[in-house]
Amino acid sequence: MAGNDSSDRKSKACTIILPVFNEAEVVEKTVRTISGVFAAAGVKPEILLVDDGSRDGTWDRVCGLHESEAKVKGVRFSRNFGKESAIAAGLENAGGDCVIIMDSDLQHPPETALEMFMLWRDGGYDIIEGVKISRQRESMALKICAGLFYQFLRSLAAIDLRNASDFKLLDRAVVDIIRQMPERQTFFRAMTGWTGMKTSTVFFEVQLRAGGVTKWSPLALFKLAIDSISAYSSIPLHLVTFAGFGFFLFAVILAIQTLYMKISGMAVEGFTTVILLLLVIGAILMISLGIIGIYIAKIYNEVKFRPRYIVAETFTETETETETETETETDAGADG
Ligand code: UDP
Ligand code: MG
């Protein structure tokens, strides 16, 4: 695999993908901090900002960026398509031999990103996963929900993502594999592990947001949870079948009992049982239909085969040094 030879990675370029959604407050600071940290190690990355339909002037800030220590590029979506789509667009437009995906609010420390880059360059890994040390900065309710969700995912899809994050470094080989995956609804966090490529991990402490507020509403998180479970497991569908069998068995026993009562002339009361049965079976049926509905909706969305996002505008920082420009061109030539 391309990733095994680390000696030819010394001169290779790195693209940092930053999905941004209403991050006007922090985007400049983030880009400055990241390029500063990389410059200190003598690395000049390409920073690719994917504006996920911001409405707060984020794009103007992106277009105003001039970093001498990094090459800044921007892609603007026509509307908010979600972080998964923003990451997909990032992978699609990244030019580097490795890409690092990180949040644009400095919650993922740039020093860790640099550590990932060094590990990729010298260690020959294809994937480097950022693993959260703790979730202590999150609210109790979020922690409980996240715990339940990961427990579900672990038992239903055999994927352990408890401390996983979207903070990752991917080798070009992995980027190309992911770009070839045809599904429209993606769950990036689990996709990299699925490829089975040579992986290493780097631990990091989730930092406080550099500014602004979280862009995830509880509803959006719930949707993400449902989406990812249904994307990686069909066990909920089989549970419906098992529940059906369970109830059938129960029904047979109850039917025998009812018939016996009837025959022996003891059948008078029993309305409570009827009501309870109606309620329980009704609820189970509805939940089952709902589960099937989730999968049908997924299939429906996939067969429509719509693009994952629509790009309205792109931005490339005007190069002041012509030297750098030729360098990039040679790079691109070598790639193609
Ligand atoms: N984000 C995005 N589209 C969205 C929501 C979030 O591109 O619809 C970006 C956001 O700008 C940030 C990253 O995804 O760079 C993580 O979002 P956020 O920090 O709000 O989430 P949290 O860290 O609270 O989980
Ligand atoms: Mg954040």
Is it true that a side-chain atom of Ser104 and a backbone atom of Pro19 form a donor plus acceptor pair closer than 3.5 Å? yes
Can you measure from NZ (Lys73) to CD1 (Ile47) and round to the nearest 0.5 angstrom? 12.5 Å
Are any of the side-chain heavy atoms of Glu92 and Tyr309 separated by less than 4.5 Å? yes
Check: Glu46 side chain, Gly95 main-chain N or O, donor-acceptor pair, under 3.5 Å: yes
Closest heavy-atom pair and its distance - Gly193, Glu129: N-OE2, 4.2 Å
Do other residues, nucleotides or ligands put more than 12 heavy atoms under 6.0 Å from Met286 CE? no
Before you tell me yes or no, could you show the steps for Cys14 and Trp120 under side chain to side chain contact (heavy atoms under 4.5 Å, CB included), namely the whole-Å CA-CA distance, both residues' side-chain angles and the distance that decides it to 0.1 Å? CA-CA 10 Å; Cys14 167; Trp120 169 79; 5.9 Å; no
Would one find more than 12 heavy atoms of other residues, nucleotides or ligands at under 6.0 Å from atom NZ of Lys262? no
Flag, side chain of Glu302 to backbone of Gln185, donor-acceptor distance under 3.5 Å: yes
Can you confirm whether Phe305 sits close enough to Arg184 that some side-chain heavy atom of one is under 4.5 Å from a side-chain heavy atom of the other? yes
Using the side-chain contact (heavy atoms from CB on, under 4.5 Å) rule, pick out the option among Ile178, Ile100, Asp126 that qualifies with Leu170. Ile178
Check this for me: does any side-chain nitrogen of one of Lys71 and Glu317 sit under 4.0 Å from a carboxylate oxygen of the other? no
Describe, in one word, how the ring planes of His108 and Phe167 are oriented to each other, choosing from parallel (under 30°), tilted (30 to 60°) and perpendicular (over 60°). parallel
Hey, is the main chain of Tyr295 close enough, under 3.5 Å, to the side chain of Ser230 for a donor-acceptor pair? no
I'd like to know if the side chain of Arg76 and the backbone of Glu313 have a donor-acceptor N/O pair within less than 3.5 Å. no
Looking at side-chain heavy atoms only, is the closest gap between Ile291 and Leu239 below 4.5 Å? no
Quick one: does any side-chain atom of Glu28 pair with a main-chain N or O of Leu65 as donor and acceptor, under 3.5 Å? no
Using the rule that two of Ile, Leu, Val, Met, Phe, Trp, Tyr join whenever any of their side-chain heavy atoms come within less than 4.5 Å, decide whether Ile294 and Phe149 are in one cluster. no
Quiz item: cation-pi between Arg154 and Phe152, 6.0 Å / 45°: no
Looking at Arg308 and Glu183, would you say the former's side chain and the latter's main chain have a donor-acceptor pair under 3.5 Å? yes
If every non-hydrogen atom of Ala41 is compared with every non-hydrogen atom of Leu114, which pair is closest and at what distance? CB-CD2, 3.7 Å
Less than 4.5 Å apart, side chain to side chain, heavy atoms only: is that true for Ile281 and Phe247? yes
Is it true that Asp103 and Lys83 have a side-chain N and a carboxylate O under 4.0 angstrom from each other? yes
Taking atom types as modelled and ignoring hydrogens, do the side chains of Glu23 and Thr58 form a donor-acceptor contact shorter than 3.5 angstrom? no
Spell out, yes or no, whether Phe81 and Trp216 are grouped together once hydrophobic residues are joined by side-chain heavy atoms under 4.5 Å, including indirect joins. yes
Arg189 to Ser165 - nearest heavy-atom pair and separation: CG-O, 3.6 Å
Heavy atoms from other residues, nucleotides or ligands near NZ of Lys298 exceed 12 (cutoff 6.0 Å): yes
Say whether, by atom type as modelled, one donor and one acceptor occur between the side chain of Asp52 and the main chain of Phe21 under 3.5 angstrom. no
Mark yes or no for whether Ser234, through its side chain, and Leu237, through its backbone, hold a donor-acceptor pair below 3.5 Å. no
Asp171 side-chain N/O to Tyr125 backbone N/O, donor-acceptor pair under 3.5 Å: no
Assigning hydrophobic clusters by single linkage (Ile, Leu, Val, Met, Phe, Trp, Tyr; side-chain heavy-atom cutoff under 4.5 Å), is Ile275 placed with Leu277? no
Any side-chain heavy-atom pair from Arg121 and Met118 closer than 4.5 angstrom? yes
For residues Ile229 and Leu148: do they belong to one hydrophobic cluster (side chain heavy atoms under 4.5 Å, members Ile, Leu, Val, Met, Phe, Trp, Tyr)? no
Hey, any chance Val20 and Leu106 share a hydrophobic cluster, counting ILVMFWY side chains that come within less than 4.5 Å of each other, even indirectly? no
